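Structure first, then comments.
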Number of protein chains: 2
Amino acid sequence: MAKSPSTRAGAQARRQVWDAAIRLFAAKGFHGVGIRELAEGAGMSSATLYHYMGTKEELLASIMRASLDRLNDAAGRVTADASDPQAQIVRLVHVHVLTHALRPEETAVVDNELEALRAERRTAMVALRDAYEDHWRRAIANGCASGLFTVPDRTFARMALLEMCSGVAKWYSPDGSIALDGVATAHARLALQLLGVPAHTMPRPDPAEIQAARALVEEIWQVSLGASAPDPA
Amino acid sequence: MAKSPSTRAGAQARRQVWDAAIRLFAAKGFHGVGIRELAEGAGMSSATLYHYMGTKEELLASIMRASLDRLNDAAGRVTADASDPQAQIVRLVHVHVLTHALRPEETAVVDNELEALRAERRTAMVALRDAYEDHWRRAIANGCASGLFTVPDRTFARMALLEMCSGVAKWYSPDGSIALDGVATAHARLALQLLGVPAHTMPRPDPAEIQAARALVEEIWQVSLGASAPDPA
DNA sequence: CGCGCCCTATCGGTCGATCGATTGGCGAGC
DNA sequence: GCTCGCCAATCGATCGACCGATAGGGCGCG
């Protein structure tokens, strides 16, 4: 099991293991990465590895849990103070897309390696994922109830939204020339269109909404997203 | 290398290997399935396996190639005789959703196990996938050029459509009570909405379009999709 | 007989995990 | 201030199990 980070050096080594695991699991899949390869990626011997993690599967589970916990945290806070279902969807899309573009490897591991967990752990992860999806389900239900959204099936719509937003992690490259904010706002618009929001009702991209999502992601993921998109002041 | 199917019994055994591989690779991932487990799933010894396949990786590659070839075939034929970009998208969505619901395991393998292939084979598969995506790219470009579609970014829209349609394979269960046709028509509507087709322009589900896609899938995949959705005659 | 089919047995290699031993820095006791 | 004991950190070596793949012989049918 994971030891407590007692010293500074220990915490750094733990981070190296964590980072190497995310990078390698995303690139080759959990079963495609051996202990020795993981150790080499983390810059230590395979035996030393076990000072900083439990079993290989526990390492995967802890990565997933941390990622899903942060996502749930963000989704809860971003929907709590927005009563308008349209704003809720926009914020959920922003958070989801920003995180999937910011951490494509981590999210790919969470999305693709559930099958590598044994039944008990996998069930727990599925519960976390379901809790996250529930934020989307409620927002869609609100929008449909108030007549804002028009979809043939709410479950299909929810799955479609989640899949299209998660897909960003598969093609987005952080060092590319595509601006993060642009990806997020474009997907927010696609999401509202998918939900049947008429063109004349569609709001312009609201800088306040964008900033709210950015700030939340920066806080929870402890990163800086750099400069905002150029403000046409 | 795959041997030529010389006898009836040989062809059946080959099919057993093929089916077991799809089922197990989808459930546990390519690297998560051993030769012995694959042999047990196919009902033969691990040595006998090699009478019906090349290496394990060649088996995976042949499964992917067959699946992608059929998908490309279907996409080419379904867009060839439909000049209207709206009809092209509807048909593409129908074919994509029907196949992903009909063969969730096979499509899951194709979508998730590309990384398990060595560079040379992977490149070939990516080329096939890109050729398939090109059918979608052209349909979207046509629709945008004629003013039918309104999207913030054509590439984002294409990726969103493909992801949301592929996602069906992750949750659809053939033995469930959800009708195939209903899933396909619902997703066709979601797709058109995502592309910004106004509500008043949106066509009702066209039985002819549905039947065209059904027939094509039945022919290329050599299956029967059962009765159509009840026709309100 | 000859050939397709299928087996047991086995190959060298790698898997995930653990062993005992060593190192080095840090704090307590005198 | 010096020493000594402790403990996190790290290693090479190795465990039993399993990996993908092959060798070679027996069986049954035309």
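In what follows, every chain begins at residue 1, and chains take the letters A, B, ... in the order their sequences are listed. Note that the structure is predicted; figures quoted are calculated from it, not measured.
A:Leu49 has its CG atom 11 Å from the C1' atom of C:dG16, to the nearest Å. The nearest whole Å value for the distance from the NZ atom in A:Lys56 to the P atom in C:dT14 is 15 Å. Rounded to whole angstrom, the span from the CD atom of B:Gln12 across to the C1' atom of C:dC5 amounts to 13 Å. In this structure, A:Met44 atom CE and D:dA9 atom P are separated by 10 Å, rounded to whole Å. One atom, CE of B:Met53, and another, P of D:dA21, lie 6 Å apart when rounded to the nearest Å.
A:Arg138 pairs by the salt bridge (charged side-chain N to carboxylate O under 4.0 Å, His left out) definition with A:Asp134, not counting sequence neighbours. Checked against side chain to side chain contact (heavy atoms under 4.5 Å, CB included), B:Ala191 has the following partners two or more places apart in sequence or in another chain: B:Ile89, B:Val93, B:Leu161, B:Met164.
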Enumerate donor-acceptor pairs with a distance under 3.5 Å from any side-chain N or O in residues 61-71 of chain A to protein atoms, sequence neighbours excluded.
unit_1	atom_1	unit_2	atom_2	d
A:Ser62	OG	A:Glu58	O	3.3
A:Ser62	OG	A:Leu59	O	2.8
A:Ser67	OG	A:Glu106	OE2	2.9
A:Arg70	NH2	A:Glu106	OE1	3.3
A:Arg70	NH2	A:Glu106	OE2	2.8

With a 3.5 Å cut-off and sequence neighbours excluded, list the donor-acceptor pairs that the side chains of residues 36-45 of chain A form with protein atoms.
unit_1	atom_1	unit_2	atom_2	d
A:Glu37	OE2	A:Lys28	NZ	2.6
A:Ser45	OG	A:Ala47	N	3.4
A:Ser45	OG	A:Thr48	N	3.2
A:Ser45	OG	A:Thr48	OG1	2.9

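Relative ring orientation between A:Phe25 and A:Phe30 is described as perpendicular, the plane-to-plane angle rising above 60° on a 0-90° scale split at 30° and 60°. Note on ring orientation: taking the six-membered ring where Trp is involved, the planes of A:His96 and A:His100 are parallel (angle under 30°, cut-offs 30° and 60°).
Residues B:Arg91 and B:Asp81 are paired through a salt bridge, judged by an N-O separation under 4.0 Å between the basic side chain and the carboxylate.
Residue A:Arg14 has its side chain nearest to D:dA9 when only C:dT8, C:dC5, D:dA9 are considered.
Proximity of residues 23-39 of chain B to DNA chain D (heavy atom under 4.0 angstrom from any strand atom) is restricted to B:Val33, B:Gly34, B:Ile35, B:Arg36.
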Between the protein and nucleotides 22-25 of chain D, list every N/O to N/O distance that falls short of 3.5 Å.
none

Evaluate the criterion salt bridge (charged side-chain N to carboxylate O under 4.0 Å, His left out) for residue pair B:Arg77 and B:Glu219; output intermediate values, then yes/no. CA-CA 12 Å; B:Arg77 288 170 60 180; B:Glu219 176 195 340; 3.0 Å; yes
